[in-house]
Protein chains: 2
Amino acid sequence: MSDKNNCTSDANAKCSCKGYNLDKLLQPNILILLAKESLHGYSIIQALEKKDLFFGEKADNTGIYRTLSKLEERGMIRFEWELENTGPAKKVYHITDEGLECLSNWIDTLESYRKIIEGMTEEAKSILNK
Amino acid sequence: MSDKNNCTSDANAKCSCKGYNLDKLLQPNILILLAKESLHGYSIIQALEKKDLFFGEKADNTGIYRTLSKLEERGMIRFEWELENTGPAKKVYHITDEGLECLSNWIDTLESYRKIIEGMTEEAKSILNK
DNA sequence: TAACGCTATTGGATATAGTCTAATATTAGG
DNA sequence: CCTAATATTAGACTATATCCAATAGCGTTA
């Protein structure tokens, strides 16, 4: 079996069909966490890692901090600096009313999305007789 | 009710929570179509529009043609020029063995993805009491 | 025949989401 | 003091998709 005839060939080693490039849905995932409790960036990273959100891959810190900044710019979340305890200063984020409404929209959006993905999977299965 | 307190405010009019920025999963969608029959780009566009894949939005031609080029570069699909019939020349694409294996991988990936999205939706619902 | 619309493909610039690498800073433990 | 863990940020880059524009063949119709 030649390497060219499967998605593990050099050129396709990181083919999207393995899930590497799927949207991690960081915005709704972060809103869900913050709807339950206020957290700072680093603890959000750890919470997302626990969830095994990333197809076994570890979370990307930079991406999460960038998403937090963007959500803050849009008024979905706000933060206060926490200097009290031990360790470096932390930005403790909490969700706003706008963020809760955004999360409510996300529920409908994700349900539609799930149906689309379900339909695709069923169609692909029937074609390949899987 | 102020405009600032919902996702329809100017700044958030095209908020991702409405689904505008979701991955359209063009790669697997195109592979599914081509696993059933060979097609040229423009007919793929029309087929995807019929599916209402895009949250009611119309398909973006450029994106579909770019995805076709990428899939072709990676050996998932191949094309022949069709000059016979009326109209401009068409690139008729057909799926390769590698493309079929890629689609098979996509089935597992999409099933995992669906479960992740389902879990997120349920969690968000329980938090918001929806 | 000129104008228009449909079919069919491509290119440039931009947007959004996320990754990789590196840097900075505080503090606790050995 | 050195290192590891905690905590945040910046620059460059990749993947996916969008918006606008251009090109080109062909049929209809005014």
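Below, chain A is the first sequence line, B the second, and so on; all start at residue 1. Computed from heavy atoms alone, side chains included, the values below leave out hydrogens, waters and symmetry copies. Computed from a predicted structure; not experimentally measured.
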Take atom CG of L25(A) and atom P of dT16(D), then tell me their distance rounded to the nearest Å.
15 Å
Can you find a side chain N or O atom of K24(A) that sits less than 4.0 Å from OP1 or OP2 on dG18(C)?
no
Roughly, in whole Å, what's the span from OH in Y20(A) to C1' in dC20(C)?
16 Å
Report yes or no: is there a donor-acceptor pair, N or O only, under 3.5 Å between the side chain of T62(A) and the base of dT21(C)?
yes
Give the rounded distance in Å between these two atoms: NZ of K70(B) and P of dG11(C).
15 Å
Length of the line joining L71(B):CG and dA17(D):P, which is rounded to integer Å:
10 Å
Measuring from the side chain of Q46(B) (C-beta onward, heavy atoms only), which nucleotide among dA17(D), dT7(C), dT9(D) has the closest atom?
dT7(C)
For D60(A) and dT9(D), give me the distance from atom CG to atom C1', rounded to whole Å.
12 Å
Figure out the OH/P separation between Y65(B) and dT23(D), and round it to whole Å.
17 Å
Quick check on DNA chain C: between S16(B) and S43(B), whose nearest nucleotide comes earlier from the 5' end?
S43(B)
For the side chain of H40(A), counting heavy atoms from C-beta on, which of dT16(C), dA15(D), dT8(D) is nearest?
dT8(D)
Verdict with supporting geometry, R78(A) and E98(A), salt bridge (Lys or Arg N to Asp or Glu O under 4.0 Å):
CA-CA 11 Å; R78(A) 284 199 237 290; E98(A) 198 168 0; over 6 Å; no
Can a salt bridge be assigned to the pair E111(B) and K115(B) using a cut-off of 4.0 Å between side-chain N and carboxylate O?
no
Under 3.5 Å donor-acceptor pair, R66(B) side-chain atoms to dT9(C) base atoms:
no
Mind checking the CD1-CG spacing from I127(A) to L103(B)? Nearest 0.5 Å is all I need.
6.5 Å
L48(A) atom CG is separated from dA17(C) atom C1', nearest whole Å, by 15 Å
Sugar-phosphate, base or nothing in reach of D23(B), heavy atoms under 4.0 Å:
sugar-phosphate
With sugar-phosphate meaning primed atoms plus P, OP1 and OP2, does L26(A) contact a base, only sugar-phosphate, or nothing at under 4.0 Å between heavy atoms?
sugar-phosphate
Whether K91(A) contacts dT9(D) is assessed here as follows: a side-chain N or O lying under 4.0 Å from the phosphate OP1 or OP2. Is that the case?
yes
Can you find a side chain N or O atom of Y42(A) that sits less than 4.0 Å from OP1 or OP2 on dT6(D)?
yes
If the threshold is 4.0 Å, N to carboxylate O, is there a salt bridge linking E80(A) and K90(A)?
no
Ignoring hydrogens and angles, tell me if any N or O in the side chain of Y113(B) forms a donor-acceptor pair with the backbone of D23(A) under 3.5 Å.
yes
Atom CG of L39(B) to atom P of dA8(C): distance rounded to whole Å?
11 Å
